[in-house]
Structure formats: C-alpha cells, structure tokens
Amino acid sequence: MSVRTEFSDLIRAMARRDWGTVDQILNGLETTGWRGGSQVIGAAFAIAVNERFPANHSPTDVARFVAETRSQFPDAQSLPALEMEGLVRAALGEVDLIENLNPETALQMQIVFLGKLLQDRDHDEAQLEEFIADVERTAAEHL
C-alpha cells in the first residue's frame, strides 16, 4: 500500500467514523513511519478548517470549536487548548501563532481536528472523494 493510499484510507475511515480502522492505520503508520504524512494530514486539516469557518469568524468561534473537539475526543484532552486554538487560527491565516509549536504535537492536533471536522461535515461518498482528491493535489504541491 502506498503512503498516499494509506493517508487517503485514513481520511476515508475518519469520515466514515470507522475508528477501529483509524486506529489500525495510525498504528501501522507509527511502525512504518509517516513519510509524506504530515503534508497530507496538514493539507486535509487546512482544507477542512477553511471549509468549516466563514471568512468573518472570530477567535471565540475557534475557541468554541476547540472546546467541542476536546469534549468529544478524549485523546484531545491531553493536548494544550491554547495551542490547539492557535493551530486552527494559523490554518485560517494567522500563521505566526504556531511558530513555537512542536511538529509532532501539531500533527496529533491535526489528526484529532480532522476527525471532528470530517464527522461534522458528514460528506457523502462523492463529496468525500472530491475532498480527498483536493487534499492529494494540495499535499503534492508541498512534497
């Protein structure tokens, strides 16, 4: 299985709320490495965040979203809330907010957020495949 396929399958499993497959893919990636994964997950996260928030969003909107995410995903509770808000706001254009964020922590946050964003969006199969194609194109630009 190619790295690109693994990450596409991860996104599909998250969108379908197939958490057993998500865990299986994540465990496999931990052992084989995340080669190219941060670009794919980062692209998916950025696209999904920008779809979620309107142009006139406020920091309060972001804080509310982070609080919802932390309450729905137990793994998110161990992640720092202010940094999570900064990561979302960075994806929305305030890039200076993540200058000191550890890349591994950022990746963990992006995965948690991506699960929430995909769950909230509830794509049908055609929309999901369109989203994945957009993610793959965007990630390829940064590889």
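All values derive from a computational prediction rather than experimental measurement.
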L79 backbone acceptor or donor facing R70 side chain under 3.5 Å: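 Here the side-chain-to-backbone pair exists.
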Between the main-chain N or O of G20 and the side-chain N or O of D23, is there a donor-acceptor pair closer than 3.5 Å? no
[Y] side chain reached by [X] side chain, heavy atoms, under 4.5 Å:
X: E85; Y: P59; value: no
X: M84; Y: Q108; value: no
X: V62; Y: L92; value: yes
X: T105; Y: E83; value: no

May I have the step-by-step check of side-chain contact (heavy atoms from CB on, under 4.5 Å) for Q119 and F73, ending in yes or no? CA-CA 12 Å; Q119 187 173 332; F73 292 88; 3.5 Å; yes
Test side chain to side chain contact (heavy atoms under 4.5 Å, CB included) applied to L114 and I111, V112, L118, the passing residue: L118
Verify side-chain contact (heavy atoms from CB on, under 4.5 Å) between R121 and F131, making sure each step is shown before the conclusion. CA-CA 11 Å; R121 180 71 193 270; F131 175 78; 5.8 Å; no
For the residue pair [X] and [Y], what are the closest heavy atoms and their distance?
X: V135; Y: V40; result: CG1-O, 3.5 Å
X: I98; Y: A90; result: CG2-CB, 3.7 Å
X: A43; Y: T138; result: CB-CG2, 3.8 Å
X: T69; Y: A76; result: O-CB, 4.1 Å
X: A91; Y: V49; result: CB-CG1, 4.0 Å
X: E99; Y: D96; result: CG-O, 3.4 Å

Spacing of [X] atom [atom1] and [Y] atom [atom2] [to the nearest 0.5 Å]:
X: T21; Y: R16; atom1: OG1; atom2: CZ; value: 9.5 Å
X: E141; Y: Q39; atom1: CD; atom2: CD; value: 12.5 Å
X: N50; Y: L117; atom1: CG; atom2: CG; value: 10.0 Å
X: M14; Y: I25; atom1: CE; atom2: CD1; value: 9.5 Å
X: R89; Y: L87; atom1: CZ; atom2: CG; value: 12.0 Å
X: I132; Y: H123; atom1: CD1; atom2: NE2; value: 9.0 Å

Anything under 30° is parallel, anything over 60° is perpendicular, the rest tilted; go ahead and classify F65 against F53.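 Correct class here is perpendicular.
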Show the numbers, then the answer: is there a side-chain contact (heavy atoms from CB on, under 4.5 Å) between L101 and M109? CA-CA 11 Å; L101 186 59; M109 289 178 187; 4.2 Å; yes
Do the side chains of R17 and D122 get close enough for a salt bridge, i.e. N-O under 4.0 angstrom?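 Looking at D122 together with R17, the answer is yes, because their closest N to O distance falls below 4.0 Å.
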Would L97 and F45 show up in the same hydrophobic cluster when neighbours are defined by side-chain heavy atoms closer than 4.5 Å? no
Are I47 and V95 in one and the same hydrophobic cluster, where Ile, Leu, Val, Met, Phe, Trp and Tyr link if side-chain heavy atoms are under 4.5 Å apart? no
Mind running side-chain contact (heavy atoms from CB on, under 4.5 Å) on Q24 and N27 for me, showing each step along the way? CA-CA 5 Å; Q24 182 181 17; N27 288 337; 5.8 Å; no
Determine whether more than 12 heavy atoms belonging to other residues, nucleotides or ligands lie under 6.0 Å from atom CD of Q127.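 Yes - once you tally the heavy atoms of other residues, nucleotides and ligands closer than 6.0 Å, there are more than 12.
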